Amino acid sequence: GYYLKPLQASLIRAGIQPKGWAFDAMLAGYVLQSGRSSYPLPDLVQDYLGERLPTEDTTGESGLAAYTCAEAAACLRLEQVMSQQVAAMSCADVLYRIEVPLSEVLARMELAGVAVDVAYLHQLSDVLEALLRAKESEVYTLAGEPFNIASPKQLGQILFEKLKLPVGKKTRTGAYSTDAEVLEQLAAEYPICRSILEYRELSKLKSTYADVLPRLVHPSTGRIHTSFNQTVAATGRLSSSEPNLQNIPIRSEAGRQIRRAFVAAPGNRLLSADYSQIELRLLAHVSGDERLLQAFADDRDIHAATAMLLFGVPEEGVTPELRRKAKTVNFAVLYGMSDYGLSLELGMSVGEAHAFIENYFRQLPGVRRYLEETLAFARQHGYVTTLYGRRRYLPEIHHANRNVRQAAERAAINSPLQGTAADIIKLAMIDLDRRLRQEGYRARMVLQVHDELVLDAPAEEVPALAELARECMSGVARLRVPLKVDVEVGDNWAEMEKFMG
DNA sequence: GCATGATGC
DNA sequence: AGCATCATGC
């Protein structure tokens, strides 16, 4: 078949649970070349069969029948060719044990949807509107005139020409940058910058979330049914759209008010299970670095443990500031840090950042070895892989332009880690979905947010479900480090409490 | 349609 | 600084 998920959803909605889905050409296309922007069937037919699918003429009934038959025939032949190639690049497990079975799980999740409190969102929208108007007046007063705050061009003119604030960085096109980093720098001395930041936050919350989410509530289910896209992210992650439920605010207090709108069905509770530090645990596993492995074996606070190593202080000497620096370095490693990037982040010179990184590698030599081996592999083969064999091609690893080449090098470091984490949670979703159905749970998996699964569950199922989710998620891979899973339970997605057990 | 800037992991 | 989606301006 081709793009089976909608078909699977239709069948499931009709109460039919077909088994033995064998092949999906769209998913095969994704596994073979995850960097493509999309996988239209005519393109796959052209690229893998060297043929042209007849042009779509579905005006009449006979035209529709003929085109549908041509599609079906093409899929059968695509399976022969693509399956061979998938096997030849050792991606059979990724396609047949991960992506194909996951498709049906995603269909079930999309059908289940998630409940939102619409009345609450309307109320919140009105509050945001009032706060926004007040903040707008505040900005106009500080600027000495009204203007469109949402226009970066007008805002740049007001701040850097009229008010003569010191110019920070410029954008790629040479305009004054007014992004949060620039405004944050200026905010201590110029209150208007703080006001603009607050205006931006409120504006984002209202226009992207409070005003849009209620419109996407399905009239018959009363729930929001996102799309989980399986072929978008080059690393193997899922994405979510219409609406994106993978970027619901959590960090700011105002943002968390949006999250409160995501609720359990009546009589139910929301259960969230998330992997703790999965990417750093994977770094420990694939690098085999002794100290990193030991830190996770001891279930240490990894950023604090890193701070002890980097700064040579005892546990009680780890100040919040040192821990924050160590945390930044840990993330920088996952993203394939350059000393330049780290220097910007930590506000130090490139030389200091370089010394920082050298110190990190001296303390964690296994990590350096892994990063060097991964880069060498990418340069030699032109791709990198996850633990389960998922491949990402990096043609720009030999690019003549240094910036382009270095971006590819960072992707070479990051993709195996981000992609392996994606493989693992996908496997866990398949397993958990099977267990939920086999064991007759009424709970439904409703969201996946990269390292987190959210279930909408009858209150009485919560204790057993917490155990089941933990078991599925941490048991799905046997690594040199434990996969720690934290479980939280609550009536809404903002107010969750740790679940012990 | 691209640029910018917001949100998440 | 890795990976995404969405709103807005122009």
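What you are looking at is a predicted structure, and each value in this text was computed from that prediction instead of being measured. Within every chain, numbering begins at 1; the chains are lettered A, B, ... in the order of the sequence lines, protein sequences first and strands thereafter.
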> What is the nucleic acid contact for A:Thr328, judged by heavy atoms within less than 4.0 Å: base, sugar-phosphate only, or nothing?
Replying inline: base
> Along DNA chain C, 5' to 3', what are the outermost nucleotides having an atom less than 4.0 Å from a heavy atom of chain A?
Replying inline: C:dA1 to C:dC10
> Using a cut-off of 4.0 Å on non-hydrogen atoms, how would the nucleic acid contact of A:Ile250 be classed: base, sugar-phosphate, or nothing?
Replying inline: sugar-phosphate
> Which part of the nucleic acid, if any, lies within contact of A:Ala234, taking any heavy atom under 4.0 Å across all strands shown: a base, the sugar-phosphate backbone alone, or nothing?
Replying inline: sugar-phosphate
> Looking for any heavy atom pair under 4.0 Å, which part of the strands does A:Ala332 touch: base, sugar-phosphate only, or nothing?
Replying inline: base
>> Can you measure A:Leu202 atom CG to B:dT7 atom C1' for me and round it to whole angstrom units?
In response: 14 Å
> Just how far, in rounded Å, is P of B:dA6 from CD1 of A:Ile149?
Replying inline: 13 Å
> Rounded to whole angstrom units, what separation is found between the CD atom of A:Glu184 and the P atom of B:dA6?
Replying inline: 10 Å
> Over how many whole Å does the gap from A:Lys170 atom NZ to B:dT4 atom C1' extend?
Replying inline: 16 Å
> To the nearest Å, how far apart are A:Leu128 CG and B:dT7 P?
Replying inline: 13 Å
>> Using a heavy-atom cut-off of 4.0 Å across all strands, would you classify A:Thr178 as base, sugar-phosphate, or nothing?
In response: sugar-phosphate
> ring pair (Phe, Tyr, Trp, His ring centres under 6.0 Å): which pairs involve residues 383-425 of chain A, sequence neighbours left out?
Replying inline: A:Phe377-A:Tyr383, A:His381-A:Tyr383, A:Tyr383-A:Tyr393
> Given the side-chain rings of A:Phe311 and A:Phe356, with only the six-membered ring counted for Trp, is the space between their centroids under 6.0 Å?
Replying inline: yes
>> Once you apply a heavy-atom cut-off of 4.0 Å, does A:Ala180 come out as touching a base, just sugar-phosphate, or nothing?
In response: sugar-phosphate
> Which part of the nucleic acid, if any, lies within reach of A:Ile248 when heavy atoms closer than 4.0 Å are counted: base, sugar-phosphate only, or nothing?
Replying inline: sugar-phosphate
> B:dT7 C1' sits how many Å from A:Asp179 CG, rounded?
Replying inline: 14 Å
>> Please classify the nucleic acid contact of A:Glu452 as base, sugar-phosphate, or nothing, using heavy-atom distances under 4.0 Å.
In response: nothing
> If you draw a 6.0 Å radius around CD in A:Gln185, do more than 12 non-hydrogen atoms from other residues or ligands fall strictly inside?
Replying inline: no
>> Please verify the inter-ring angle class for A:Tyr176 with A:Phe160; under 30° counts as parallel, over 60° as perpendicular, anything in between as tilted.
In response: tilted
>> Need one value for A:Ser415: base, sugar-phosphate or nothing, where a base atom within 4.0 Å counts as base even if backbone is also close, heavy atoms only.
In response: nothing
> Which part of the nucleic acid, if any, lies within contact of A:Tyr209, taking any heavy atom under 4.0 Å across all strands shown: a base, the sugar-phosphate backbone alone, or nothing?
Replying inline: sugar-phosphate
> With respect to the phosphate group of B:dT7, does any side-chain polar atom (N or O) of A:Thr208 fall under 4.0 Å of OP1 or OP2?
Replying inline: no
> Just how far, in rounded Å, is C1' of B:dT7 from CG of A:Leu197?
Replying inline: 15 Å
> When all nucleic acid strands are considered with a 4.0 Å heavy-atom cut-off, which category describes A:Arg237: base, sugar-phosphate, or nothing?
Replying inline: base
> In Å, rounded to the nearest 0.5 Å, how long is the span from CG of A:Leu128 to OG of A:Ser203?
Replying inline: 9.5 Å
>> So, applying side-chain contact (heavy atoms from CB on, under 4.5 Å) with A:Leu238, which one of A:Ile425, A:Val449, A:Leu102, A:Val232 is it?
In response: A:Leu102
> Using 30° and 60° as the class limits, which term best fits the ring planes of A:His303 and A:Phe331: parallel, tilted or perpendicular?
Replying inline: tilted
> Which residues pass the salt bridge (charged side-chain N to carboxylate O under 4.0 Å, His left out) test with A:Arg194, sequence neighbours left out?
Replying inline: A:Glu184
>> Could you tell me how far apart A:Asp211 (CG) and B:dA6 (P) are, to the nearest whole angstrom?
In response: 19 Å
